[in-house]
Amino acid sequence: MSHSHAVLDIDDTEQQQQYSSDPTSDRYTDLYTNEYIAAFVKKWDALIDWEARALGEGTFFIDLLNEHKKKKILDVATGTGFHSVSLIEGGFDVTSSDGSATMLARAFENAKSRGHILKTNQADWRRLGESVHERFDAIVCLGNSFSHLHDEMDRRRALAEFYAALKPDGILIIDQRNYDYMLDSGFKTKHKYYYCGDKVSAEPVHLDKNLARFEYTFPGGDKYTLNQFPLRKNYFCQLIRESGFSTIQTFGDFEEKFIEEDSDFFIHVVKKQTE
Ligand SMILES: C[S@@+](CC[C@H](N)C(=O)[O-])C[C@H]1O[C@@H](n2cnc3c(N)ncnc32)[C@H](O)[C@@H]1O
C-alpha cells in the first residue's frame, strides 16, 4: 500500500469535523484544515461526479489556457485532483498544490488510478512562496475555493502570493459562486456545474454577509459542512485589481455572454501584466 493510501485510511471513522458549540461563529481562515477530514474527502468525489463535471465544463479551461498560450500550470486548489488530471490529459505541465494533505493524498490516488503521477506541493496560499520557487504561466484556483478565506488580510496575502508565483505575462483563473444572488435573493442552483453528483444535496444552512455555511448530505445520511465567506463579485474584482492584476474578463457558467442572476458560478481570467 502506498504511503498516500495509508494517510487516507488512518482516521476515517474516528475523526470528525471540528466546530465550536456555535458553528456559525467559526469564521477563521485555517478552519478548512479541520473541515476536509478524510471521511468527507472520500465522499467528495461522489458529490463532485467527475464524468458529469467533465461534461458540464467541456474543454473550457483547456481552450482558455491554449488561447493564452500557457503551458506550465499551478493548480493551487487541487482538492481531489479533477482539474489537475484534466489539464495533464490536455497536455499541460501541471503542479498540484493544496493546503490540505488529506486532499492532496486523495488527488494523488485519483491521478494514479488514471495513469498519472501528480507533482504535488502542500502549501497554504498565504505562504505559497515558502515552497513554490518556480514561476508559472498560469495559476488555477477553482471550485469556489477562494471563499475559504474568511479574513480580508488573508485574501490579500493569497492574491499577492499568486501574483508572485506567476511569470510577468502570467494569468490567474479563479472562480466563485454567485454569492450576490444568494445574499440578495436566496439560494438556487442548477446543480449542473461543479456539484453534479445527483445523490448528494449541498445547501446553505446559514447565510449572512460574512458567512455561508453549506451542508452536504450523502446517501445514508452522513452530513458534512463547510463555512465559507460569501464573496461578492464586485468586491472580489476590486481586491484582484488592488493586488496588482490588470484586466479581468469574467465568464458566467462558462459563457462569455451571461445573465448575472442566472449564473451559479463566475470565472475570472486575470492578467498579471499591465497593458
Ligand atoms: C472546495 S475545494 C475545491 C477543490 C477542487 N479545486 C475542485 O474544484 O474540486 C477547496 C480546496 O481549497 C483548499 N484550500 C482552502 N483554503 C486553502 C488555503 N488557505 N490554502 C491552500 N489551500 C486551501 C482546500 O484544502 C480544498 O482542497
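Both counts, for ligands and for their atoms, begin at 1 and track the order of listing.
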What atoms in ligand 1 come closer than 4.0 Å to a heavy atom of Leu142? 3 (C), 5 (C), 6 (N), 8 (O)
Distance in Å, Phe265 CZ paired with Gln176 CD, rounded so as to fall on 0.5 Å steps: 9.5 Å
Could you list which atoms of ligand 1 come closer than 4.0 Å to a heavy atom of Ser100? 25 (O)
Do Val76 and ligand 1 have an N or O pair less than 3.5 Å apart? no
CZ (Arg53) and CG (Leu55) are apart, to the nearest 0.5 Å, by 12.5 Å
Is it possible for you to check whether Arg155 lies under 6.0 Å from the centre of the six-membered ring of Tyr235, through NZ or CZ, and within 45° of that ring's axis? no
Numbering the atoms of ligand 1 from 1, which are under 4.0 Å from a heavy atom of His148? 10 (C), 15 (C), 16 (N)
Please name the residue in the list Lys233, Lys209, Arg232 that meets the salt bridge (charged side-chain N to carboxylate O under 4.0 Å, His left out) test with Asp184. Arg232
Among Arg53, His83, Gln122, closest by heavy atom to atom 8 (O) of ligand 1 is Arg53
Does a salt bridge link Glu152 with Arg156, judged by any charged N lying under 4.0 Å from a carboxylate O? yes
Determine whether the side chain, the backbone, both or neither of Ala158 has a heavy atom under 4.0 Å from any heavy atom of ligand 1. neither
For ligand 1, find out whether one of its N or O atoms is nearer than 3.5 Å to an N or O atom of Met103. no
With no hydrogens and no angle check, is any side-chain donor or acceptor of Ser84 less than 3.5 Å from a backbone partner on Gly81? no
Less than 3.5 Å between some nitrogen or oxygen of Asp98 and one of ligand 1, yes or no? yes
Which ligand 1 atoms does Ala77 reach within 4.0 Å, using its non-hydrogen atoms? 4 (C), 5 (C), 6 (N), 12 (O)
How many angstroms lie between atom CG of Leu231 and atom CG of Asn144, to the nearest 0.5 angstrom? 8.0 Å
Could you tell me whether Arg126 and ligand 1 have an N or O pair separated by under 3.5 Å? no
Presence of salt bridge, Asp93 and Lys119, under 4.0 angstrom: yes
For atom 1 (C) of ligand 1, tell me which residue out of Trp125, Tyr32, Tyr36, Phe214 has the closest non-hydrogen atom. Tyr36
Tell me whether ligand 1 is touched by Ala123 - counting only heavy atoms on the residue side and a distance under 4.0 Å. yes
Return yes when Thr80 approaches ligand 1 closer than 4.0 angstrom through a heavy atom, no otherwise. no
Spacing of OG belonging to Ser263 relative to CZ belonging to Phe254, to within rounding of 0.5 Å: 10.5 Å
Numbering the atoms of ligand 1 from 1, which are under 4.0 Å from a heavy atom of Gly143? 1 (C), 3 (C), 8 (O)
Verify salt bridge (Lys or Arg N to Asp or Glu O under 4.0 Å) between Asp124 and Arg126, making sure each step is shown before the conclusion. CA-CA 5 Å; Asp124 188 284; Arg126 295 163 291 172; 2.8 Å; yes
Do ligand 1 and Gly99 have nitrogen or oxygen atoms that lie under 3.5 Å from each other? yes
